[in-house]
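Read through the structure below, which is laid out as structure tokens, and then see the notes.
Letters go in sequence order (proteins before strands), and every chain restarts at 1. Remember, predicted model here, so these are calculated numbers, not experimental data.
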There are 2 protein chains.
Amino acid sequence: MIEELTNELLFFFNGFSSWENSIVRASDLTISEAHALEVLGEHEKMNMKSLAQKLGVTTGTTTVTVDRLEKKNFAKRESTQEDRRVNLIVLTEKGKKAFAEHHNYHIQLTEQMVSVLSEDEIRQFQDTLKKINMETF
Amino acid sequence: MIEELTNELLFFFNGFSSWENSIVRASDLTISEAHALEVLGEHEKMNMKSLAQKLGVTTGTTTVTVDRLEKKNFAKRESTQEDRRVNLIVLTEKGKKAFAEHHNYHIQLTEQMVSVLSEDEIRQFQDTLKKINMETF
DNA sequence: ATCTTATTGTTTGATATTCAAGTTGTATTA
DNA sequence: TAATACAACTTGAATATCAAACAATAAGAT
């Protein structure tokens, strides 16, 4: 029982990853840039540390990633008076547009997934995910 | 509605990835080695091409990954008479053990996730995933 | 106030991951 | 047998990542 559910979950994650990778490769973003963009798009301004935490990497890594996002003009660093050590990262217009586009792909995938489900199943699925997310992650 | 479900899904995938990464980092496998092991553990024997397809990478990549798995004694190549171009990859005892251990972590995570659900919800969740997997990926 | 400690972000050096393109050896087809 | 296709490997390059060392700044202790 648990065994079978585990396998369905792994298959699910796998499918999502492959899909995500192929979408990203078709854009002018690298995988890590896309991941950073996903996070940055959800926040007005973010410092390096919290970006790194959200992404599950070190700040050394985010420094490099943001360097590249900045070079490609998707994001820029802003300094702040409160704490002059901190860099706040904000998306540029180009960055916001790229985020919106990427987010749109996610919505399309979701729509494709739920198209095989009934109204009730969709609601139930969402409830279940919410519960799991709150308690597990 | 779709918007919220999308966000729950992204959160879910994110949580899984972080969890997976931290588990892998605590082992003596690298991420790509672990991914290969996950696939190889499900098959008795596999050639490079199908391993690459399952992982969504090129055979150039799997050559390197299997090289390392072989060096660490998790897997070995076997040649076959039918087609002498082909290498069949099989797990060693050590590799099978590592796979079982890793799979166990997956089961533990699944158990943790479903512990917040009722019997009915678990069944429903599994049905839903199965449907989505079949139709979407 | 000044000295110490903690924190943020960057840099550096190393390893891992991946791909595209080219190569080798083997099979299949014309 | 010659031409073509295919499996795996190699090479060279770009990207991803970390740990450790570092610089600048902030916060706390005396």
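The distance between atom CD of B/Q81 and atom C1' of C/dA27, rounded to the nearest whole Å, is 16 Å. The separation between A/R25 atom CZ and C/dC19 atom C1' is 8 Å, rounded to whole Å. One atom, CD of A/E82, and another, C1' of D/dA26, lie 13 Å apart when rounded to the nearest Å.
Using a 4.0 Å cut-off, no side-chain N or O of A/T58 falls inside it from OP1 or OP2 of D/dT17. Residue B/R84 has no polar side-chain atom (N or O) positioned under 4.0 Å from OP1 or OP2 of D/dA8.
Side-chain contact between B/L117 and A/K131: present, with at least one pair of heavy atoms (C-beta onward) separated by less than 4.5 Å. The side-chain heavy atoms of B/H103 and A/N7, taken from C-beta on, include a pair separated by under 4.5 Å.
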Protein-nucleotides 12-14 of chain D N/O pairs closer than 3.5 Å?
none

Problem - Per-nucleotide protein contact string for nucleotides 1-16 of chain C (B base, S sugar-phosphate only, - none; heavy atom under 4.0 Å) - result: ------BSSBB----S

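Between A/H106 and A/W19, the angle of the ring planes lies from 30° to 60°, which puts this pair in the tilted group. Ring orientation note: the planes of A/F12 and B/F12 are tilted relative to one another, at an angle of 30° to 60°.
A salt bridge between B/D67 and B/K72 is absent, with no side-chain N of the basic residue lying under 4.0 Å from a carboxylate O of the acidic one. Between A/D127 and A/K130, no side-chain nitrogen of the basic residue sits less than 4.0 Å from a carboxylate oxygen of the acidic one, so the salt-bridge criterion is not met.
Side chains of B/N133 and A/E8: a donor-acceptor N/O pair is present below 3.5 angstrom, by distance only.
Between the side chain of B/Q126 and the main chain of B/R123, no donor-acceptor pair closer than 3.5 Å is present.
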